[in-house]
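Taking it in order: structure first as structure tokens, then the write-up.
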Amino acid sequence: MSILTVSDLGKAYRSYRSEWQRFAGWFGLPIKPSEEHWVLKHVNFDINLGEAVGIVGQNGAGKSTLLKMITGTLQPTEGSVKVNGRIAAILELGMGFNPELTGRQNVFHAAGLMGFSAEQILQALPGIEAFAEIGEYFDEPVRTYSSGMQMRVAFAVATAYRPEILIVDEALSVGDSYFQHKSFSRIREFQEEGTTLLIVSHDRSAIQSLCDRAILLGNGTVIKDGNPEEVFDFYNAIIAEKESSTVEVKQLDNGKAQTSSGTGEAKVEEIALYNSKGEVAEIAEVGEQVELRIKVKVYEDIESLVLGYGIKDRLGQVMYGINTWHTEQVINAPQAGDEYLFKIAFPANFGVGSYSVQTALVDQGTHLTANYEWRDLALLFNVINISKTIFAGCLWNEPKILIEELEK
Amino acid sequence: MSGMLRSLWNYRHFVLSSIRNELISRFARSKLGGLWVIINPLSQVLIYALILSNVLAAKLPGIESQYAYAIYLMAGLLAWTLFSEIISRCLNLFIAQGNLMKKMSFPRITLPVIVIGSSLLNSILLFISILGIFILLGHQFSMAMIWLIPLTFVVVSLSMGVGLILGVMNVFLRDIGQAIPIVLQMLFWFTPIVYPATIIPEAYRHWLNLNPLYPLVDAYQQILVYGNNPQWEGVLTIAVIGFLLTVVSLFMFRRASAEMVDSL
């Protein structure tokens, strides 16, 4: 069931030669604006009940404009947003808090601003107080609060009632880690009970751990809509994109899409994983000593060359990543035609599952100054457990467990 | 229009708690608290009474009390305070609440309603303290006072109509916010509040009929000072104008709502 339908949505900011013309326009006079500035155009998507969708995009891509139109603070210029149910937004926590009033009074007021009646609020108040966990401060004026305490109260109000759609901003990463965990688990609870999540963030791992879909906005429209890993790879490629560089998406056999991008001064020619017997392998055993061999060819004279790689789990979370900048093995002034073989040996101390390798050829520590080549899903391999004790998780971290029976 | 009323009803709790909070935050950390609501206009009465009573007291026909001038001042100021408070607060309302409007989704119509509610509350407090002073001064009041209720509605509709139109326009054209306080100041002195209408020379007095506030202030003075019924023709004309202005302002407010948030 579709809970949110955005169809052909567009937003333009209009300016008039004179403000009086604008006023006249309200009374039906046919007056054309002198300038129209389109922030969003032809945005289309459909979100179903219970889905968790990440909204990504660079600054200025129109993310917040889109969200404002979904929550209803901004009116669309064209197209429509259809919402079936109540929306709650954790965008501006603590908006409308009055510093002179106590936490309790502010909660009352803020819940009123969300449209709840006095009885509904009274009912939810003990729950809000308990969730915020700020003790006696709840009855003190908000001006005496630390910003973390204010966050707690604000989050508790915003999520006091389960909405059909919950919009979460990256602002959520504010606050102490205890409360972060607590608020994340509340969000997950909502999700399990059927709330649709809409998450705006630059944080790849947050989106990949919560969402099953991501929408990439760019230049005021949707440029990619698909599974988060694929969208993020594409997004990273765009960030790294410089003049003359290309973004290439190749469909792999297993249905995943490989994205590569870069200016092309150096390229990964071959990449393979070798097992402990020195054979090329797609499968590694937990804890097995393996070697990743990457052959790089230089196409143009460059100042320096750094290889970086990351091993990601099936959700796209990086398990481990490093580059030769950090290991202080930068290749200085390679020339066109040079070839290098990187042999990277490590134990496969991973949990059972499928992993991918991403590679980056850059000039320094990051891919932001120069990006010769960035390749996602350059290699896929599986980790299986044959000889080790059965365990859960993505890290093989075998313990020694001692149990002592204590005297009664 | 019915949509506006429905959303107002749904948000009645928010409106009430906003009015209450405004009052509470005024009390917070202030020894005199709510008294300041009335101290301000009453000190104005005191200043005018001290400076002008000798000049003007003799010009007030029909009442004997030595405090006649102070009583006259209070009657006029009661009307004026309500009128000017609603206008000047509506004027900057959307700019002041811009952040909230940009970030939270709630019926915008609650904002002017909150202003009216809290201005009315202030006016009632002022009225009660004026009654107290009247009793202290030994001033009689009559049953005509019941007319203050419909009169208040007329003042509110006139000031809300004007205030909302100016407030919406001020978002786009900020000069309005600068100009209106000056206009209000002039209007105050062109309205017989601190002086009786009778001191204006006969030849110029008909200009007063152009002042929309005159019939209202006069009605307050007739009721509170002389215990007379107000002169209805003038009040009714203003009531009709006020009603029309309110309708226009609500229409404008609805048309402008979308663009207002864009421009804040």
[X] [atom1]: over 12 foreign heavy atoms closer than 6.0 Å:
X: E193(A); atom1: CD; answer: yes
X: F190(B); atom1: CZ; answer: no
X: N219(A); atom1: CG; answer: no
X: F153(B); atom1: CZ; answer: no
X: Q185(B); atom1: CD; answer: no
X: W232(B); atom1: CH2; answer: yes
X: Q21(A); atom1: CD; answer: yes
X: L244(B); atom1: CG; answer: yes

Salt-bridge present (E259(B), R22(A); N to O < 4.0 Å):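 Answer for the salt bridge query: yes.
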[X] versus chain A, heavy atoms under 4.5 Å apart: side chain, backbone, both or neither?
X: S18(B); value: both
X: M169(B); value: both
X: R254(B); value: neither
X: D262(B); value: both

Interface moiety of Y16(A) toward chain B, non-hydrogen atoms closer than 4.5 Å: side chain
Contacting region of I121(A) [heavy-atom separation from chain B under 4.5 Å]: side chain
F23(A)/V168(B) under side-chain contact (heavy atoms from CB on, under 4.5 Å): CA gap, chis, key distance, verdict: CA-CA 10 Å; F23(A) 301 157; V168(B) 168; 5.9 Å; no
Say you draw a straight line from [atom1] of [X] to [atom2] of [Y]; how long is it, rounded to the nearest 0.5 Å?
X: E100(A); Y: E22(B); atom1: CD; atom2: CD; answer: 13.5 Å
X: N21(B); Y: N98(A); atom1: CG; atom2: CG; answer: 6.5 Å
X: H13(B); Y: Q120(A); atom1: NE2; atom2: CD; answer: 9.5 Å
X: D175(B); Y: E19(A); atom1: CG; atom2: CD; answer: 10.0 Å
X: R20(B); Y: H109(A); atom1: CZ; atom2: NE2; answer: 10.0 Å
X: L113(A); Y: Y11(B); atom1: CG; atom2: OH; answer: 6.5 Å

Within a strict 4.5 Å, meaning less than it, do heavy atoms of the [X] and [Y] side chains meet?
X: Q105(A); Y: I24(B); value: yes
X: F106(B); Y: M114(A); value: no
X: F14(B); Y: F116(A); value: no

Expected output: side-chain S105(B) to main-chain T71(A) donor-acceptor under 3.5 Å: yes
